[in-house]
S.K.: 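What follows is a structure written as structure tokens; I'll ask about it next.
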Amino acid sequence: MALLKAVDPKGLLKKELITEEEIKTKVEELAERITIDYQGKKPLFIGILKGAFVFLSDLVRKIEIPLEIDFMSVSSYGKATQTSGVVKIEKDLDRDIRNRHIILVEDILDTGLTLKYLVDTLSARNPASIEICTLLVKEGKQRVNIEPKYVGFTIPDEFVVGYGLDFAGMYRHLNSIYAIDTDKI
Ligand code: 5GP
């Protein structure tokens with residue numbers, strides 16, 4: 001962790017959970033699956049800001065079919081490291097999604113409340129299909145029935161940062177995924 005002192009002056013990073021190389025390989029694998037599954041279609045990728053911006057940008061650049069990209073921004077009320085389940089749409093889509101094939105791109109699925117809310121809200125707008133592509137799933141934490149079609153990694157119940165994920169706005173620019181030492185917060 002010494003090398004990370006420059007980006008982690010408070011020493012909150014506990015351990016590297018997923019390396020840059022592992023993420024790269026997984027992103028290519030997911031992009032290949034999506035390329036095959038959506039042949040002949042022009043899916044609309046919806047990145048959930050802010051956490052998914054790094055994952056989305058790497059993912060779409062490996063996909064070899066026509067596609068479009070939009071973003072939504074949501075906030076959930078609650079403590080810094082916990083979701084309350086109450087979700088507010090801060091920025092909605094710029095376009096109509098009726099009859100579109102939607103791929104919701106999220107950084108992490110924890111309780112599932114955020115994605116459940118988004119899937120329900122977007123389904124009401126009559127898209128042709130909606131699937132979820134999430135980089136991470138926290139094992140055993142889901143409180144609602146939600147089944148992402150594309151999952152990068154299943155991780156233990158730790159608060160993680162890096163590769164788009166933040167703690168208090170920090171660490172999004174790290175290339176690997178790290179667990180934070182929550183005792184130091
Ligand atoms: P959920 O609604 O599934 O409980 O939580 C989803 C959102 O909570 C994620 O999009 C993310 O913003 C935040 N979140 C949940 N777990 C973590 C985590 O371990 N690290 C970070 N940085 N954010 C998390």
S.K.: Taking all heavy atoms of Pro43 and all of Pro66, pick out the closest pair and write down the distance.
M.R.: CD-O, 3.5 Å
S.K.: Report yes or no: do Val151 and Phe55 belong to one cluster of Ile/Leu/Val/Met/Phe/Trp/Tyr joined by side chain heavy-atom distances under 4.5 Å?
M.R.: no
S.K.: Show your working on salt bridge (Lys or Arg N to Asp or Glu O under 4.0 Å) between Asp92 and Arg95 and close with a plain yes or no.
M.R.: CA-CA 9 Å; Asp92 208 332; Arg95 69 200 74 207; over 6 Å; no
S.K.: Once you measure the plane-to-plane angle for Phe167 and Phe159, does it fall in the parallel (<30°), tilted (30-60°) or perpendicular (>60°) bin?
M.R.: perpendicular
S.K.: When clusters are formed by joining ILVMFWY residues with side-chain heavy atoms under 4.5 Å apart, either directly or through shared neighbours, do Val160 and Leu109 land in the same one?
M.R.: no
S.K.: Quick check for you: to the nearest 0.5 Å, what is the distance between Tyr117 atom OH and Ile89 atom CD1?
M.R.: 4.5 Å
S.K.: What I'd like to find out is whether the side chain of Ile177 reaches to under 4.5 Å of the side chain of Leu136, using heavy atoms alone.
M.R.: yes
S.K.: Counting C-beta onward and ignoring hydrogens, is there a side-chain heavy-atom pair between Thr111 and Val144 closer than 4.5 Å?
M.R.: no
S.K.: So with a 6.0 Å cut-off around NZ of Lys41, is the heavy-atom count from everything else above 12?
M.R.: yes
S.K.: Among the clusters formed by ILVMFWY side chains lying less than 4.5 Å apart, do Leu115 and Ile97 turn up in the same one?
M.R.: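 The answer is yes; both residues are in one hydrophobic cluster.
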S.K.: Looking only at non-hydrogen atoms, find the nearest pair between His173 and Val7 and report the distance.
M.R.: NE2-CG1, 3.6 Å
S.K.: What salt bridge (charged side-chain N to carboxylate O under 4.0 Å, His left out) pairs are there with at least one residue in residues 158-170, not counting sequence neighbours?
M.R.: Lys14-Glu158, Lys15-Glu158, Asp166-Arg172
S.K.: Any chain of hydrophobic side-chain contacts (each under 4.5 Å) joining Leu30 to Ile146?
M.R.: no
S.K.: Can you find a side-chain donor-acceptor pair between Asp107 and Tyr163 that sits under 3.5 Å?
M.R.: no
S.K.: Using the six-membered ring wherever Trp is involved, compare the ring planes of Tyr150 and Tyr38 and label them parallel, tilted or perpendicular (cut-offs 30° and 60°).
M.R.: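 The arrangement is tilted - the two ring planes meet at 30° to 60°.
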S.K.: Of all heavy-atom pairs between Gly164 and Phe53, which one has the smallest distance, and what is that distance?
M.R.: CA-CE2, 4.2 Å
S.K.: Between Lys10 and Asp181, does a salt bridge (Lys or Arg N to Asp or Glu O under 4.0 Å) hold up when you go through it step by step?
M.R.: CA-CA 11 Å; Lys10 287 188 185 158; Asp181 194 342; over 6 Å; no
S.K.: Is the backbone N or O of Leu135 less than 3.5 Å from a side-chain atom of Glu106, with the two atoms forming a donor-acceptor pair by type?
M.R.: no
S.K.: Does atom NZ (Lys149) have a neighbourhood of more than 12 heavy atoms from anything else shown, all under 6.0 Å?
M.R.: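 Count over threshold, so yes.
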S.K.: What's the shortest heavy-atom distance between Glu90 and Ser75, and which atoms?
M.R.: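 Answer, listing the atom of Glu90 first, then Ser75: OE2-OG, 2.6 Å.
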S.K.: Using distance alone, with no hydrogens and no angle criterion, decide if Glu16 and Ser176 have a side-chain donor and acceptor under 3.5 Å apart.
M.R.: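 Ser176 and Glu16 do have a side-chain donor-acceptor pair below 3.5 Å.
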S.K.: Find the distance between CD (Glu20) and OG1 (Thr25) and round it off to the nearest 0.5 Å.
M.R.: 10.5 Å
S.K.: I'd like to know whether Met72 forms a side-chain contact (heavy atoms from CB on, under 4.5 Å) with Lys91, so could you lay out the CA-CA distance, the side-chain angles of the two residues, the decisive distance to 0.1 Å, and finally the verdict.
M.R.: CA-CA 5 Å; Met72 283 182 91; Lys91 183 220 167 287; 6.0 Å; no
S.K.: Side chains of Ile46 and Phe71: closer than 4.5 Å at any heavy-atom pair?
M.R.: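 Answer no - side chains too far apart.
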S.K.: Taking atom CD as the centre, does Glu32 end up with more than 12 heavy-atom neighbours from other residues, nucleotides or ligands that are less than 6.0 angstrom away?
M.R.: no
S.K.: Decide if atom CD of Gln39 counts as having more than 12 heavy atoms of other residues, nucleotides or ligands within a radius under 6.0 Å.
M.R.: yes
S.K.: Could you check if a side-chain atom of Ile155 sits within less than 4.5 angstrom of a side-chain atom of Ile18, using non-hydrogen atoms only?
M.R.: yes
S.K.: Are the side chains of Leu122 and Leu93 in touch, meaning some heavy atoms are under 4.5 Å apart?
M.R.: yes
S.K.: Would you say that more than 12 heavy atoms from the other residues, nucleotides or ligands in this model lie under 6.0 Å from the CD of Glu64, or not?
M.R.: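 No.
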S.K.: Going by heavy atoms in the side chains, are Ile34 and Leu67 under 4.5 Å from each other?
M.R.: no
S.K.: Is it the case that over 12 heavy atoms from other parts of the model lie below 6.0 angstrom from the NZ atom of Lys26?
M.R.: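 Yes, enclosed.
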S.K.: Would you indicate whether Lys141, at its atom NZ, is surrounded by more than 12 heavy atoms from other residues, nucleotides or ligands within a distance under 6.0 Å?
M.R.: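 Enclosed.
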S.K.: Are Lys116 and Asp120 close enough, and set up right, to give a salt bridge (Lys or Arg N to Asp or Glu O under 4.0 Å), and what steps lead you there?
M.R.: CA-CA 6 Å; Lys116 175 87 173 82; Asp120 288 350; 3.0 Å; yes
S.K.: Any side-chain heavy atom of Ile103 sitting closer than 4.5 Å to one from Leu44?
M.R.: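 Sidechains of Leu44 and Ile103: no contact.
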S.K.: Is the backbone N or O of Ile130 less than 3.5 Å from a side-chain atom of Arg100, with the two atoms forming a donor-acceptor pair by type?
M.R.: no
S.K.: Please check: side-chain N/O of Glu22 versus main-chain N/O of Thr19, any donor-acceptor pairing under 3.5 Å?
M.R.: yes
S.K.: Evaluate the side-chain proximity of Tyr171 to Asp8: yes if any heavy-atom separation is below 4.5 Å, no if none is.
M.R.: yes
S.K.: Is it the case that the side chain of Lys138 and the backbone of Ile108 share a donor-acceptor pair, with hydrogens and angles ignored and the cut-off at 3.5 Å?
M.R.: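 Flag not set: sc Lys138 to bb Ile108 has no pair under 3.5 Å.
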S.K.: How about NZ on Lys24, more than 12 heavy atoms from neighbouring residues, nucleotides or ligands closer than 6.0 Å, or not?
M.R.: no
S.K.: Ile69, Leu118: one ILVMFWY side-chain cluster at the under-4.5 Å cut-off?
M.R.: no
S.K.: Taking the side chain from Thr154 and the backbone from Glu139, do they hold a donor-acceptor pair closer than 3.5 Å?
M.R.: no
S.K.: Taking Phe45 as the fixed residue, which of Leu104, Asp70, Leu59, Ile102 is the one that meets the side chain to side chain contact (heavy atoms under 4.5 Å, CB included) rule?
M.R.: Leu59
S.K.: What do the steps show when you test Ile63 against Ile65 for side-chain contact (heavy atoms from CB on, under 4.5 Å), and what is the final call?
M.R.: CA-CA 6 Å; Ile63 291 178; Ile65 49 167; 3.5 Å; yes
S.K.: Show the nearest heavy-atom pair for residues Gln142 and Val137, with the distance to one decimal.
M.R.: NE2-CG1, 3.7 Å
